[in-house]
Every structure is written in C-alpha cells, then in structure tokens.
Asker: 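Pasting in a structure now, in structure tokens, and then I'll have a few things to ask.
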Amino acid sequence: MSEAAAPSRPTSIGVLTSGGDAPGMNAAVRAVVRTAAHHGVPACAIHEGLKGLVYGGDLIRPMTPADTGGILHRGGTVIGTARCKEFRTREGRRAAARNMVDRGIDALVAIGGDGTLTGCDVFRREWPELLAELVEAGELSPEAAAAHPELRLVGLVGSIDNDMSGTDMTIGADTALHRIVEALDALRSTASSHQRTFVVEVMGRQCGYLALMSSIATAANWVLLPEQPPAADWREQMCRDLRAGREIGRRQSIVVVAEGARDVDGNPITSTEVRDLLESELGEDARITILGHVQRGGAPSAFDRYLATLLGSAAVEHLLDSAPGTPAQLIGLKENRVVASPLMECVQRTRAVADRIAERDFDGAMRLRGGSFLRSHNILRTVQQAAPRRPVENRRRNRIAVVHGGGPAPGMNAAVRAAVRLGLDRGYEVLAVRGGFRGLRRGDIHEMSWMDVSGWVSDGGAELGTNRFVPGEEDLASIAEQLAAHRVDALLMAGGWSGYESAYVLHSNRDRFRELDIPIVCMPMTISNGVPGTELSIGADTALNNIIADVDKIQQSAVATRRVFVVEVMGQRCGYLALLSGISAGAERIYLPEDGVTLDQLTADVHALEENFRSGKRLGLIIRGEGADPVYTTEFITSLFQKEGGDLFDARRAVLGHIQEGGDPSPFDRVHATSLTAHCIWYLAEQLETGSKASAMLGFQSGRMQFTDLTSYPVLIDPRTRRPREQRWLARRQLARIMGS
Ligand code: ADP
C-alpha cells in the first residue's frame, strides 16, 4: 500500500481507556469526542478497554458531544477498563483490526499506562499485515483494507503514579495526591491528639512521586522512596530524628512509605518493618495505615480535569494534523506546554528507571527522574529536621524578613514555614512581618524560631496577616527606619498585586533611602494569578478546586429542572480563574475581563443556549469573571437568560465569593509554596553572600522557575488594566470554545 494512498484525515477516531483506571480519564474522553466533532470527524468509544477492541459488537459505539455531558466530574472511567490477555496474541489483535475497519475507525486515542501504550503500538505496527491476513482469509474486502492503510495512534498517560516519561504529570496523579493529603491531614490530627506514630503506605512501586509530594504537603517526618533508598544506617537515623522531634515537642510522627520502598541493597522496606522498629526502638504506639485503592477514587481534581481536557483535545488535533506514516506519539505536558514525543521512546525511558532501580543504580534512577525530584527531596529533608543544621556562628548573621501583600492566598503559611526553616538552616535569622507593608511601616516585625511554624504547611489563610496597603511617599521614611531598627538585610515578599507594587515602591526608592537598598524577592501568591513574571501563582490551584467543588454541587442541585447557572468567580481584572474553572467545570460560555462582554455576544449566546436546550440539553453552565464587564453584570446576564429562556430553561445566579480563597491549601499549592520559597531563599542567599543588592520576581515561565529583575516591573504590567502585559494562559480560550460548543 503506497503512502500516497493514505487519506489525509482519519475516517473515524476511536478512544479507549485501559489498564488501571485514573481520575480524569472521563475528561480526556470528553475532550477527544468534542474536539473530533468540532473538526467534523465522528468518534467512537471503545468500552472495556482493549477487550472492547477484540470483542467488538456493542462494546464499540459512536459517542457524540451530547453523550459526554455530565461525566467530567466523575471519578474512574465511564467507558470502562479491563485487562485483556487476548490482545497480547496476534489473533486477538487481528479481531481488533477487523472490528475497527468494520466501523471505519482508523485512528486511536489510547489512554492508559505503559502496558496499554505498548500493546497499542504493537497493534499499530502490525496493522497492514493484520489487514492483509484478514483479506486473505476472506474476512475483509480488499477495498475496505485499502481505505484504511494505516492506524494512527496517540497515547495519553492515565496513571496515578506519575511514572511516565514524556509528560511532567500523568492524568490522575494530582487527584491521587489530593486523596493522600486528605488522609494524611486527618491522620495528623488524630496522631497529635494521642501523641501517636503513624506509618502510612502509599502507592508507587517504581515511582516515589506520590510519597514525596504528599510528605512535603503534610510535613511528614520521614519518607521512604523506591528510587532514593536511605543510607545503610537508616534505622538508627530515622529513630534518632523521630526522637529528636518528640524532644522539641512534636506531638505526632508520620512516616510515609511508598509501596516500592527499598534499602540500598534492594531489599523491600515494608510498613510492618517500620512499625515494628518504631515500637521496639522508641517504645511508640505505632499504627499502620495502608491507603490502597482510596488513592484511585473520587472526583478528579481541577488540575486533572484541565490536564485531561487539554491533552485529549491536543491528541485529536495531532491525529488530524500528522502526516501519513507518522510513528505513534505520546501527548504530554512538559514545562507547561503540550508536547508530542515518540511513544515508544517514552515507554523505554520509563522502563529504564525501573531497570536502574532493579540494578540498584539509584543515582541513575534519580537522574532519569529529573532535577526537580531530587531538589524536592533535599528540601523535604531540610524542613522535616527537628532543628537547623548550622551551628550559630560568632559573626553577625544576616537577617531575612518575610512579608505578605495583597489578598490572602492559600499556601501563604506553607511559604512562611519554608522560609523560616530553610533560612535558619542556611544560617540566617528569619523575621516575620505581621500585617503586610502596613505592619512593616509600624515595625510589627518578629524573630521566628524553628518550631514557631510547626504545622503551618497545611493551614489555610495567612497567619502573618495580609492586606492591600501599598506604601506611599509619606510612608517611606518610616519603613526605612524600621528596616534599619530591625537590621533587615533582605526581604522576601510572598503575595499578589499590591505586594508586587509595594516591593517595587521600596526598590525604586533605594537611591533616596539607603535602608531600602537591600535585595528583595517577590514570590507570586494570589488566587487570581494576575502578577507579572510568572505563568502560575500559588493559591490559584486551591481556588480552582474550591470553585469546581461548589459548581459540582450547584449542578447536582438542578437534576430535576432545565436550568442555566451563571456562576461568578473571583479574579478581579484577571480572567485566569474564570477560564480555567470554566474548562475544568465544563462551562458552555466563559466571560473574561480580558475580552469584555458585548450585547451581540449575549444575543448569540442566548440563541446558542436555546438551540442546545431544544435538542435535549438539561443543564447549562456559564462562568463569569467578576471583572468581566461593569455593565453586563452577573445579575444582568442571569435576568436576560431567565427572560429569554422562556419555557425552555430558567436561569439562576451563584456568586461564589470568598469561599474561593478559603480552606486548606491544595497539595499543589503547598508543594509549590515550599519549593518556590526555597528558590527565593537561595536567591537572597546568593545576593547576601556576594554583597549584591539585586532584586527579582520569581515565577514559573515555560514551567521552570525563573527570576525576572524587579526593575522591569513597570514594563511588564499595564497600569490601566492592572494586569500583566503577557498572559500566556489566554491561549487556552480556543480550548474552552471547543469544549463549550
Ligand atoms: P497499564 O496500561 O496500566 O500499564 P497493563 O500493563 O495491565 O496496564 O496493560 C493493559 C493491557 O495492555 C493488557 O491487559 C494487555 O491487553 C495490553 N498489553 C500490555 N502489554 C502488551 C504487549 N506487550 N503486547 C500486547 N498487548 C499488551
């Protein structure tokens, strides 16, 4: 079959979920079906994974965008998954090829783990031969075979372990982290009431991602991972550390054990062994909790819904755009970009980590995991100590002050905790400013000790207090005086818009007030994600999870009616929360401050809703960013829809308000707050140690942590709209449009 005979587009796209289920798989299926429909290509769901391919019949059914309504928030996979030994045989795959050609399916989006992706790639490579065998056996006409000369394949990784090369995050890992962190938070409260020790086993045979990140997010006292075994004397070390924790007043000890944890000789370290050791050596009442399948369950997190939607949609775009003969690709998210990588190379790299672990080449395994994994492990080891490492030196120790500015952002306490511990550990004195820059002006500045921040990692709100005060001309002298009085050598500002403005005010007046000429670093902590120098701010992930949890409930409340909800979300003049929550919650229409609202649009939206409800829709969701338009308010839009909906639907309004900035920070926000703070402390340390006064804004750019000179602040923002000039996430508007259509 010549390549030239290959059709430029697939006739029909099949989607299947296979292997272990993972939360977010439904969002991926929905995105595949909706994106295919957007491009006019029919889609089929292959139920029960690869088994559906082999058995065909009713297990392969067309799926329309309407069929994907109401599945986004559901855990597991609504199209089912199963292991299938027949697919490992050529006969099984031949039956699968026939079932596909019979239905005109010649492109496949496979969502699963490395087993599924490997099996599908075998199938793709064999496809022409399988079809030839079917023609020869008289089971397929030569014309049908000629119409589908190749099988196009893309893979998405659905796996809670986050163990796959080719993507920084797998679909399901963030939700699993949510489940583990919820459990660890709950255990911590009971452990501290009884001064008990818990040994918690989490999933991860070859990959310690869940164990490591959940330990950072919950301040676990020890963690045992598959790819980084502890030193040979780990038993003594662990007992010594936990004993030291008790001595300084820690009421609970938690040891997290990844199920694949092992020692340097490659022998498994089990939770039973750890428990027995703690009981015999420390005389502790130690309990084991094995989290098991709970980790796979429940509603997908906001991130998993977004990630799966993004990747599912990109998978279809890739299938439609790729030239005939393109090898199978894995679509993943790397450094915050959607990336296609050769599928089998990813599988081989993933397996190489397992091989390294099996060969006890742990450094090699860690290298393959990447630098950020190793850095996270080192940060955890520092913050979980019972005391700073460095002895107090005779010379004067530099003093770093931490201050917030802007609205409260979940994760602020985790950041202060990390700043205090990492700063003290590096030999600095760490000061906390209470009440933001107003507190700085009045000298509300306090020296912090190691245990002052105990337990802060999981607390919502901002213990130090934060506000939107920005120093004016008249405040500068007092601030300079306080900085001098408290001998502040460097400043870490963890906050939002007003915090950035305040930091810049100090920095730009450093020539006039010598005391202001100190290194300052700004760290993005704002639920609205509207500060410069970063693509992502801490706090936004918690806010998104708060929003989708509420929207799920709001939608459930309307099961018996035909209704449109207009939900107003926060974000002031920045539409990040609106756009991302709209994608994650499945909104038909999203109104952003960046776009504004026009009468023509509203009219078109009313007509679109009418048409959808006429063809059977029962529930509509509109998300409006609070600053979308001063005239077309949430109330106005709801009234308009209510009036125009007539007998077709009614409309209700929900303003979520401050719920969005409350609650315990999400695992992401805790982990990012900790790691970003570490980078800030390292930055300030570098300035202090070299005598530099440079100041910067830290952020994620292309998924990496980057510093931008604070002097460039004015050129990076638009003072009229009070937004950063560059907002890369706006590129996701197209995805929202496709999903909502
Ligand atoms: P995961 O996709 O989560 O890694 P498995 O390893 O159980 O899960 O694989 C899921 C299915 O993929 C298997 O039941 C089998 O049908 C198919 N499969 C796995 N490896 C191969 C292979 N080498 N050849 C053919 N099919 C395979």
Side-chain angles (χ1 to χ4, degrees), residues 23 75 160 173-204 208-224 242 245 249-258 271 286-304 376 379-380 383-384 408-418 421 451 453-463 538-539 541-546 548-549 659-675:
I160 66 161
D174 182 55
T175 306
L177 199 52
H178 274 255
R179 293 297 95 81
I180 298 169
V181 166
E182 283 155 17
L184 285 171
D185 281 351
L187 286 174
R188 236 156 61 96
S189 60
T190 169
S192 72
S193 308
H194 294 273
Q195 297 226 23
R196 219 171 240 157
T197 300
F198 276 95
V199 180
V200 184
E201 186 178 306
V202 305
M203 282 182 168
Y209 174 85
L210 292 175
L212 177 59
M213 297 307 158
S214 61
S215 297
I216 293 177
T218 59
N221 308 90
W222 247 76
V223 63
L224 292 152
L242 295 187
R250 273 189 188 145
R251 291 189 56 85
Q252 78 286 332
S253 299
I254 294 194
V255 178
V256 173
V257 185
S271 36
R287 303 287 164 96
I288 294 177
T289 301
I290 297 174
L291 295 183
H293 281 79
V294 163
Q295 295 164 85
R296 276 192 193 287
S301 67
F303 179 78
D304 271 329
S376 299
I379 292 168
L380 174 66
V383 291
Q384 72 187 179
M412 280 181 159
N413 294 326
V416 176
R417 169 180 178 269
R421 295 213 166 157
M451 288 304 283
V453 288
S454 177
W456 282 29
V457 74
S458 52
D459 289 345
E463 287 287 328
I538 294 152
D541 183 60
T542 308
L544 286 172
N545 279 293
N546 289 341
I548 62 156
I659 286 171
Q660 294 161 81
E661 29 178 43
D664 295 341
S666 68
F668 254 29
D669 280 335
R670 300 183 197 188
V671 168
H672 283 152
T674 305
S675 58

Asker: Please check if the side chain of Asp669 supplies one atom and the backbone of Gly411 the other of a donor-acceptor pair under 3.5 Å.
Answerer: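 No: the side chain of Asp669 does not pair with the backbone of Gly411.
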
Asker: Using atom types as modelled and distance alone, determine if a side-chain donor or acceptor of Asp541 lies under 3.5 Å from a backbone N or O of Phe303.
Answerer: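 Side chain of Asp541 to backbone of Phe303: no pair is present.
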
Asker: Does the side chain to side chain contact (heavy atoms under 4.5 Å, CB included) test come out yes or no for Arg421 and Met451, once each step is laid out?
Answerer: CA-CA 9 Å; Arg421 295 213 166 157; Met451 288 304 283; 3.7 Å; yes

Asker: With the side chain counted from C-beta on, respond yes when Leu184 and Val256 share a heavy-atom pair under 4.5 Å apart, and no when they do not.
Answerer: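 Side chain of Leu184 against side chain of Val256, heavy atoms only: contact under 4.5 Å found.
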
Asker: Taking Glu463 for its side chain and Trp456 for its backbone only, find out whether a donor-acceptor pair lies under 3.5 Å.
Answerer: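 Checked: no pair found.
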
Asker: Would you call Ile254 and Thr218 a side-chain contact if the rule is heavy atoms closer than 4.5 Å?
Answerer: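 Ile254 vs Thr218: side chains apart.
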
Asker: For Gly297, is there any backbone N or O sitting under 3.5 Å from a side-chain donor or acceptor partner on Arg179?
Answerer: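 Between the backbone of Gly297 and the side chain of Arg179 there is a qualifying donor-acceptor contact (under 3.5 Å).
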
Asker: Minimum heavy-atom separation for Met203 and Gln295, please, with both atom names.
Answerer: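 Here Met203 and Gln295 meet closest at N-OE1, 2.9 Å.
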
Asker: Check whether any side-chain heavy atom of Pro665 sits under 4.5 Å from a side-chain heavy atom of Thr542, and report yes or no.
Answerer: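 A side-chain contact under 4.5 Å exists here.
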
Asker: Shortest non-hydrogen contact from Ile538 to Pro410?
Answerer: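 Distance-wise, the nearest heavy atoms are CG2-O, 3.7 Å.
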
Asker: Does Ser214 reach the side chain of Leu177, with side-chain heavy atoms less than 4.5 Å apart?
Answerer: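 SC-SC contact between Ser214 and Leu177 confirmed.
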
Asker: Okay, side chain of Asn413, backbone of Gly460: is any donor-acceptor separation there less than 3.5 Å?
Answerer: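 Confirmed, Asn413 side chain pairs with Gly460 backbone.
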
Asker: Below 4.5 Å, heavy atoms only, C-beta onward: do His178 and Asp304 meet side chain to side chain?
Answerer: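 Contact flag for His178/Asp304 side chains = no.
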
Asker: If you define the side chain from C-beta out and look only at heavy atoms, does anything of Met213 sit under 4.5 Å from Pro667?
Answerer: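 Side-chain contact under 4.5 Å: no.
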
Asker: Report the C-alpha separation of Ser666 and Asn545 in whole Å, then their side-chain angles, then the decisive distance to 0.1 Å, and conclude whether the side chain to side chain donor-acceptor pair (under 3.5 Å) test is met.
Answerer: CA-CA 8 Å; Ser666 68; Asn545 279 293; 4.6 Å; no

Asker: With the side chain counted from C-beta on, respond yes when Ser675 and Ile379 share a heavy-atom pair under 4.5 Å apart, and no when they do not.
Answerer: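 With C-beta onward as the side chain, the pair touches.
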
Asker: Which heavy atom of Gly455 sits nearest to which heavy atom of Arg188, and what is that distance?
Answerer: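 Here Gly455 and Arg188 meet closest at O-NH2, 3.9 Å.
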
Asker: Is it the case that the side chain of Asn221 and the backbone of Val255 share a donor-acceptor pair, with hydrogens and angles ignored and the cut-off at 3.5 Å?
Answerer: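 No; zero donor-acceptor contacts below 3.5 Å.
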
Asker: With sequence neighbours left out, write down each residue that passes side chain to side chain donor-acceptor pair (under 3.5 Å) with Arg250, or none if nothing qualifies.
Answerer: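 Testing Arg250 for side chain to side chain donor-acceptor pair (under 3.5 Å), a comparison that skips the adjacent residues, returns none.
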
Asker: If you look at every heavy atom in Ala258 and Gly204, which pair is closest and at what distance?
Answerer: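 So the two residues come closest at CB-O, 3.9 Å.
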
Asker: For Pro300 and Gly75, work out which heavy atoms get closest and say how close.
Answerer: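 What the structure gives for the nearest pair is CD-N, 3.9 Å.
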
Asker: If I compare all heavy atoms of Ala217 with all of Arg670, which pair ends up nearest, and what's the gap?
Answerer: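 Scanning both residues, the minimum pair turns out to be O-NH1, 2.8 Å.
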
Asker: Decide yes or no for Ile160 and Thr175: does some side-chain heavy atom of the first lie under 4.5 Å from some side-chain heavy atom of the second?
Answerer: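 Not in contact.
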
Asker: Suppose we screen for side chain to side chain donor-acceptor pair (under 3.5 Å). Which residues come up paired with Ser271, at least two apart in sequence or across chains?
Answerer: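 Result, side chain to side chain donor-acceptor pair (under 3.5 Å) vs Ser271: Glu201.
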
Asker: Looking at OG1 of Thr674 and CD1 of Ile216, how far apart are the two atoms once the value is rounded to the nearest 0.5 Å?
Answerer: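 If we round to the nearest 0.5 Å, Thr674:OG1 and Ile216:CD1 are 6.5 Å apart.
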
